[in-house]
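Structure record follows, encoded as structure tokens.
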2 protein chains.
Amino acid sequence: MPAHDQSTRRTEQRRAILAALGSADRAFSAQELHERLRATEHGVGLATVYRNLGRMAEEGAIDAILRPSGETAYRACGHGHHHHLICRECGRVVELHDCGLSDWSRRIAAEHGFSEVEHQAELTGLCADCGAAA
Amino acid sequence: MPAHDQSTRRTEQRRAILAALGSADRAFSAQELHERLRATEHGVGLATVYRNLGRMAEEGAIDAILRPSGETAYRACGHGHHHHLICRECGRVVELHDCGLSDWSRRIAAEHGFSEVEHQAELTGLCADCGAAA
DNA sequence: GTGTTAATGAGAATCATTATCGATTGTAGT
DNA sequence: ACTACAATCGATAATGATTCTCATTAACAC
């Protein structure tokens with residue numbers, strides 16, 4: 001009889017990736033994460049890091065943050081709609097669950113005849129530590 | 001006697017690029033622009049397209065829009081702080097000079113001890129035409 | 001016109017990301 | 001515990017966007 005399996009498997013690598021993301025309060029690109037994991041016990045292949053980050057982001061398990069440079073960084077986030085406040089010096093990320101854009105977004109969209117609007121926003125600045133150091 | 005020149009030169013290519021951008025109400029990636037210019041009178045080299053778009057964006061002459069895929073698209077925009085409302089079907093872009101985010105942004109930043117905050121926001125949706133077609 | 005030098009263009013190089021494919025390894029069923 | 005088999009892995013080739021190289025071209029001050 002065939003083993004009719006099609007669910008997501010719990011692999012050592014996926015666990016390592018989630019652990020690494022979960023223990024940090026900043027976002028990592030696939031490359032950075034791969035580098036970081038290489039130092040630990042069993043390194044994880046680069047392709048595997050990409051695969052898993054991509055999948056997890058699709059499933060909504062983690063958040064994808066598009067950097068100005070064009071690379072994608074990922075972060076373990078709380079669920080639900082939220083935005084990010086990112087320190088452009090150290091990369092620290094603060095989750096903002098208090099979204100004040102819905103009204104503005106809806107109003108603007110209506111004014112221009114747009115439907116099914118979604119908004120995407122990010123705040124960048126210097127966090128308390130980095131701002132003091134400057 | 002040395003020709004002590006160091007300002008930006010008015011080249012045929014730069015003019016072509018600006019003209020192509022100015023005549024459209026949507027954003028183009030460097031590749032798209034290069035493709036489009038190849039059809040015209042004198043084509044413009046890909047490297048030149050990249051160089052000029054990059055420079056113009058730096059100088060603030062045009063706006064850079066980061067697509068979800070990671071590529072950068074450029075558009076001739078009015079000056080001053082503004083956001084974009086983009087149709088995710090046809091790519092049409094509407095400039096929003098009415099920014100309702102400054103207060104929200106400042107308040108959030110202050111709450112978390114951040115300084116020198118900047119915000120970046122984009123609205124995506126279906127424009128009147130594309131929304132009707134769906 | 002002439003000289004200087006920024007700008008161009010064809011192609012090589014780089015960087016992030018994705019695809020390939022044989023070797024592993026979870027897991028359900030025994 | 002044992003087996004079967006597809007999901008996953010990992011090394012590496014391939015892709016796609018962007019940047020760099022360098023010889024050639026062309027703006028523009030004189």
Side-chain angles (χ1 to χ4, degrees), chain A residues 1-21 27-59 61-75 91, chain B residues 1-21 27-59 61-75 91:
Chain A
M1 278 84 211
H4 43 66
D5 177 62
Q6 68 206 69
S7 56
T8 309
R9 291 186 178 168
R10 264 62 80 45
T11 70
E12 199 61 46
Q13 292 86 339
R14 169 168 309 215
R15 205 167 296 134
I17 292 175
L18 263 182
L21 276 182
F28 291 102
S29 70
Q31 306 272 359
E32 291 165 349
L33 208 46
H34 171 247
E35 182 61 35
R36 177 168 270 233
L37 286 172
R38 190 158 62 177
T40 68
E41 201 88 33
H42 342 270
V44 178
L46 181 56
T48 301
V49 175
Y50 271 103
R51 255 189 308 248
N52 279 302
L53 287 177
R55 175 108 72 109
M56 289 166 162
E58 255 184 18
E59 293 169 348
I62 60 177
D63 258 39
I65 297 177
L66 198 52
R67 293 186 179 158
S69 68
E71 345 158 55
T72 309
Y74 300 88
R75 179 165 190 281
Chain B
M1 275 82 213
H4 43 65
D5 178 62
Q6 67 206 70
S7 56
T8 309
R9 293 180 180 172
R10 281 5 116 50
T11 70
E12 197 62 45
Q13 292 85 340
R14 168 169 309 214
R15 205 167 297 133
I17 292 174
L18 263 183
L21 276 182
F28 291 101
S29 71
Q31 307 272 358
E32 290 165 349
L33 209 46
H34 172 246
E35 182 61 33
R36 176 168 270 233
L37 287 172
R38 189 157 61 175
T40 69
E41 202 88 35
H42 342 268
V44 178
L46 181 57
T48 301
V49 175
Y50 271 104
R51 255 188 307 248
N52 279 302
L53 288 177
R55 174 111 69 111
M56 289 165 163
E58 255 184 17
E59 294 169 347
I62 60 178
D63 257 39
I65 296 177
L66 198 52
R67 293 185 179 159
S69 68
E71 346 157 52
T72 310
Y74 299 87
R75 178 165 191 282

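Throughout, a chain's letter reflects where its sequence line sits, starting with A, and its residues are numbered from 1. Note that the structure is predicted; figures quoted are calculated from it, not measured.
- Comparing atom distances between the A:Arg55 side chain and each of D:dT8, C:dT8, C:dA7 picks out D:dT8 as nearest.
- In plain terms, the two heavy atoms of A:Arg75 and A:Leu21 that are nearest each other are CA-CD2, 4.3 Å.
- Put simply, CD on A:Glu32 is 15 Å from P on C:dC15, counting in whole angstrom units.
- Note: CG (B:Leu46) to C1' (D:dA17) measures 9 Å, nearest angstrom.
- Nucleotide D:dA27 holds its P atom 7 Å from the CD atom of B:Glu12, rounded to whole Å.
- If you measure from atom CD1 of B:Ile17 to atom C1' of C:dT8, you get 11 Å, rounded to the nearest angstrom.
- Taking atom CZ on A:Arg14 and atom P on D:dG10, their separation rounds to 12 Å, with Å as the unit.
- Residue B:Thr72 places no side-chain N or O under 4.0 Å from the OP1 or OP2 atom of D:dA17.
- Nearest to the side chain of A:Thr11, among C:dA10, D:dT18, D:dT8, sits D:dT8.
- A salt bridge between A:Arg15 and A:Glu12 is present, with a side-chain N of the basic residue lying under 4.0 Å from a carboxylate O of the acidic one.
- Between B:Glu59 atom CD and C:dA6 atom C1' there is a gap of 13 Å when expressed in whole angstrom units.
- The distance between atom CG of A:Asn52 and atom P of C:dT18, rounded to the nearest whole Å, is 13 Å.
- Side-chain contact between B:Arg55 and B:Arg14 is present, with heavy atoms from C-beta onward closer than 4.5 Å.
- Nucleotide C:dA7 holds its P atom 11 Å from the CE atom of B:Met56, rounded to whole Å.
- Here the nucleotide nearest the side chain of B:Thr48, chosen from D:dC28, C:dG26, C:dG9, is C:dG9.
- Residue whose closest nucleotide on DNA chain D sits further toward the 5' end, between B:Ala73 and A:Gln13: A:Gln13.
- Here B:Arg51 contributes atom CZ and B:Gln13 contributes atom CD; the two are 9.5 Å apart, rounded to the nearest 0.5 Å.
- You'll find a donor-acceptor pair under 3.5 Å spanning the side chain of A:Arg51 and the base of D:dG10, going by distance alone.
- Set against D:dA27, C:dG26, D:dC9, the side chain of A:Arg9 has C:dG26 as its closest nucleotide.
- Within a 6.0 Å radius of CD in A:Glu58, other residues, nucleotides and ligands contribute 12 heavy atoms or fewer.
- Nearest-nucleotide assignment on DNA chain D puts the 5′-proximal partner with A:Gly43, out of A:Gly43 and B:Tyr50.
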